[in-house]
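Right, one structure below, let's go through it.
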Amino acid sequence: MYAVPMASGDLLRIGELSRRTGVKPDLLRAWERRYGLLEPQRTSGGFRLYPHRDVGRVEAMQGHLARGLSAAEAARLAKQSEPAPVASSITALVDDFRSALDAYDEPAAQALLDRMLASFTLETVLGEGVLPYLHELGERWGRGEASIAQEHFASSVIRGRLLGLARGWGSGSGPLAVLACPPGEEHDLGLLALGVLLRARGWRVAYLGPDTPMETLADAAQRMGTDFVVLSALSEARLEAVEDEIVSLAQNTRVALGGAGATSSLADRTGAELLSGSPVEEAERLAGAPR
Amino acid sequence: MYAVPMASGDLLRIGELSRRTGVKPDLLRAWERRYGLLEPQRTSGGFRLYPHRDVGRVEAMQGHLARGLSAAEAARLAKQSEPAPVASSITALVDDFRSALDAYDEPAAQALLDRMLASFTLETVLGEGVLPYLHELGERWGRGEASIAQEHFASSVIRGRLLGLARGWGSGSGPLAVLACPPGEEHDLGLLALGVLLRARGWRVAYLGPDTPMETLADAAQRMGTDFVVLSALSEARLEAVEDEIVSLAQNTRVALGGAGATSSLADRTGAELLSGSPVEEAERLAGAPR
Amino acid sequence: MYAVPMASGDLLRIGELSRRTGVKPDLLRAWERRYGLLEPQRTSGGFRLYPHRDVGRVEAMQGHLARGLSAAEAARLAKQSEPAPVASSITALVDDFRSALDAYDEPAAQALLDRMLASFTLETVLGEGVLPYLHELGERWGRGEASIAQEHFASSVIRGRLLGLARGWGSGSGPLAVLACPPGEEHDLGLLALGVLLRARGWRVAYLGPDTPMETLADAAQRMGTDFVVLSALSEARLEAVEDEIVSLAQNTRVALGGAGATSSLADRTGAELLSGSPVEEAERLAGAPR
DNA sequence: ATAGGTTTTGTCAAGCTTTTGTACAT
DNA sequence: ATGTACAAAAGCTTGACAAAACCTAT
């Protein structure tokens, strides 16, 4: 039964496991008895000895309970979800991705995107891979270390990929978001990422893209019967230039302002919401996802 | 794919049909009784259930009434003017495609693109479907018949699809073309189509897209060791503004000018080639396609 | 729709489903009783257990209700509608693809191919989706776990798609490859995949397909002035049967042997090259991919 | 357009069972 | 440490009910 010599070291007794997880010993035993959550070794005297990894398992159990799952389900999941597959870290892939784009090597960049998407969630790929890369590229350009050609080349590759992920994003029955940049604003990749992320959470998306006149936006929103309009700009001036139109739009529709150009004072003045976080954060918040 | 022409679809009860058409339930029942305008199914309990298409029929009825016809006549016309059900030629598909985009119906537009691409060659789909549609949309906008929102929405759908077809277009060993629009020029879909068509003929493509500064273009072309640069603009002024740079670029590299803004005199003055035909024609010519 | 197997996944009790959708438990039960909207499993004690996907179904129901449909209609649509096409990883898509083909669900399989191709590169879709599936299907058939009908069904779906991707692959100016299977060999999907991948790298391809007499092949190669002939077979015997013809063909042209039936000793004896890797690897190698 | 009857659908209650955290006796 | 007990929370089924929506007929 005990079998296994158990090479390793750290074994916890039930009191210590309880202290580390905040779960009472009685309950730990109940979980073991009822759901087989843990399978501790025993001392010759019968005391339970838990391997250190069981701390994680108990915490997973708590997490699932907190999300509202039944105890039986929570235990089942906590037992099965041991290994985090841990592909090579995303930062390594992003480094390669940067190199490929810097060298105008489109096929390599595409292959790296494939690998990122295969190993990580969409949120991670965008939030820790693609978007930071774009941000950094913009800064490098500001410092004269990257050419506009490089930025355009990279943008085109990424835009193609995002639009590919977006195909069909107008279908379904979720809430509808209309996405656009104000007149003069051409940087739309962050907004595009937001759209894809909202889609991943079940929303419908209608994408109008860069440099969209406000009259036409209001009209389109009305004709689609939308629930929600997002305006995004890197430059605050671009948003301020249409402040009045935002005010009137916000009277009929829920409006949110995003991108570096969206400030809280502007949001206050116009009656719009402010999306101050990254697309990943804001998509999560908007979709009310507990995650 | 998303498929299916949607045999059935949603069935509306009389209240909802009334809400969508603005015609009171009593009147809808009267039109049914008196003129047989509609022939709804019934629930087991006797409630009327209208197929979605009846919305259109009621709207047609309203239109005829507004033009002064008698109710009997209006109903007769509304009943007979059902749209042709089957679309098989590319023009029919393009008609549907236009309708879908006009209605901001992205999934339907995607499904139609699927059908076009499944039934016709890329050259046909672009040359007789997508590009003429874009051209027409531009003209409708010029006449105030289409909004910019519609143009942006359609552009985004089409751009996503073209970039999808373009994925991996940098790989292989064919001749390399660098594609860009001059500074200030934002209309790049024709150029994108050219790139996809060149790719279909075995070329490699590096795409820099709209609003590309000339210095950076020259630099990128050199670093990639390109054989060929294409500059495209709808506005002649945008090309003339960089005439000198084109001249110097053309001394080291083969350069072609395309789009409505490319004129033979400009080509003559700069030493560049002129792409006077459509992307389909020019791709065929450039790739020396035997047909 | 795709749904199906899905052994695991987290299961929600009615309270949690209610919390996530905002629909009261009573109403969820009523929808189940009256319209069969959901079909939850039960615990041994009789509690309902909903798969996670039911959240989407309930949300679809809510969406349709909000649009004014009757509850009965809303439920009907919510039941039939696809789960929201959420961008997900290639492995998830491949799993669904496998399930769809196993269930003889051709539209679902096509839709999944669409989504894979929209979101990933051709190399990834073939190399990690379609080809492994075919391989596995062959093995299952060998163990008697899959029927011939299943294999035929899957083959025809995939062949149709590959041929669609292949359209126009003879045009352009890249190197020309002639692809064929030797007499008696009917398994050509791997070869077809190789052709599509070579095409994606700019080659021209002439595809003669399964069961091609060697005289025909030699004649075609000569008349097209080809650079390269690929012969592929799963069975080594099929290639050995035409060993002499391969020898003479290889004296005039570059010849490569692929498929499980191609062995290095045969390649040595005939003077042909050996393609020992997967179609993806070999296409990359042959086309001298930059990588 | 009104009147009077029917169907549909969300909500609630009563009475009973299962699940699960905690307590306690051995 | 084990096993049992217990009570709160959450669920189940059946049945009923009323507001909203719809019907026909006048």
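Hydrogens, waters and symmetry mates are skipped; everything else that's a heavy atom, side chains included, is used. Just so we're on the same page: letters track the sequence lines, and every chain starts at 1.
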Within a strict 4.5 Å, meaning less than it, do heavy atoms of the C/L38 and C/V58 side chains meet? yes
By nearest-nucleotide position on DNA chain D, the 5'-leaning member of A/R33 and C/G45 is C/G45
Nearest-nucleotide wise, let me know which of B/D26 and C/A71 is further upstream toward the 5' end of DNA chain D. B/D26
Between [N] and [X], is there an OP1 or OP2 to side-chain N/O distance shorter than 4.0 Å?
{"X": "C/T43", "N": "D/dT18", "answer": "no"}
{"X": "C/W31", "N": "D/dT9", "answer": "no"}
{"X": "A/Y35", "N": "D/dT20", "answer": "yes"}
{"X": "C/R29", "N": "E/dT13", "answer": "no"}

Verify, without hydrogens or angle tests, whether [X] (side chain) and [Y] (backbone) share a donor-acceptor contact under 3.5 angstrom.
{"X": "B/Q62", "Y": "B/T21", "result": "yes"}
{"X": "A/T124", "Y": "A/F120", "result": "no"}
{"X": "A/T270", "Y": "A/A267", "result": "yes"}

Whole angstrom value for the distance that separates [atom2] of [N] from [atom1] of [X]:
{"X": "B/L17", "N": "E/dA21", "atom1": "CG", "atom2": "P", "answer": "15 Å"}
{"X": "B/E32", "N": "E/dC22", "atom1": "CD", "atom2": "C1'", "answer": "13 Å"}
{"X": "C/Y50", "N": "E/dC12", "atom1": "OH", "atom2": "C1'", "answer": "11 Å"}
{"X": "B/R48", "N": "D/dT7", "atom1": "CZ", "atom2": "P", "answer": "15 Å"}
{"X": "C/Q62", "N": "D/dT9", "atom1": "CD", "atom2": "P", "answer": "16 Å"}
{"X": "A/L69", "N": "E/dA10", "atom1": "CG", "atom2": "P", "answer": "14 Å"}
{"X": "B/L12", "N": "E/dA21", "atom1": "CG", "atom2": "C1'", "answer": "15 Å"}
{"X": "C/L28", "N": "E/dC12", "atom1": "CG", "atom2": "P", "answer": "10 Å"}

Given [options], the nucleotide with the shortest approach to the side chain of [X]:
{"X": "B/F47", "options": "D/dT11, D/dT22, D/dT7", "result": "D/dT7"}
{"X": "A/R34", "options": "D/dT20, E/dA21, D/dG10", "result": "D/dT20"}
{"X": "C/L27", "options": "E/dT13, E/dT14, D/dG10", "result": "D/dG10"}
{"X": "C/L65", "options": "E/dC23, D/dG10, E/dT13", "result": "D/dG10"}
{"X": "C/A72", "options": "D/dG10, D/dT11, D/dT9", "result": "D/dT9"}
{"X": "B/R42", "options": "D/dT22, E/dC12, E/dC23", "result": "E/dC23"}

Mind checking B/R13 for me? I need base, sugar-phosphate or nothing, with any heavy atom below 4.0 Å counting as a touch. sugar-phosphate
Taking atom types as modelled, is there a side-chain donor on A/R199 or A/S171 under 3.5 Å from an acceptor on the other? yes
Closest-nucleotide mapping onto DNA chain E: is B/R19 or A/P25 further toward the 5' terminus? I mean the 5' end. A/P25
Parallel, tilted or perpendicular: rings of B/F153 and B/Y104 (30°, 60°): perpendicular
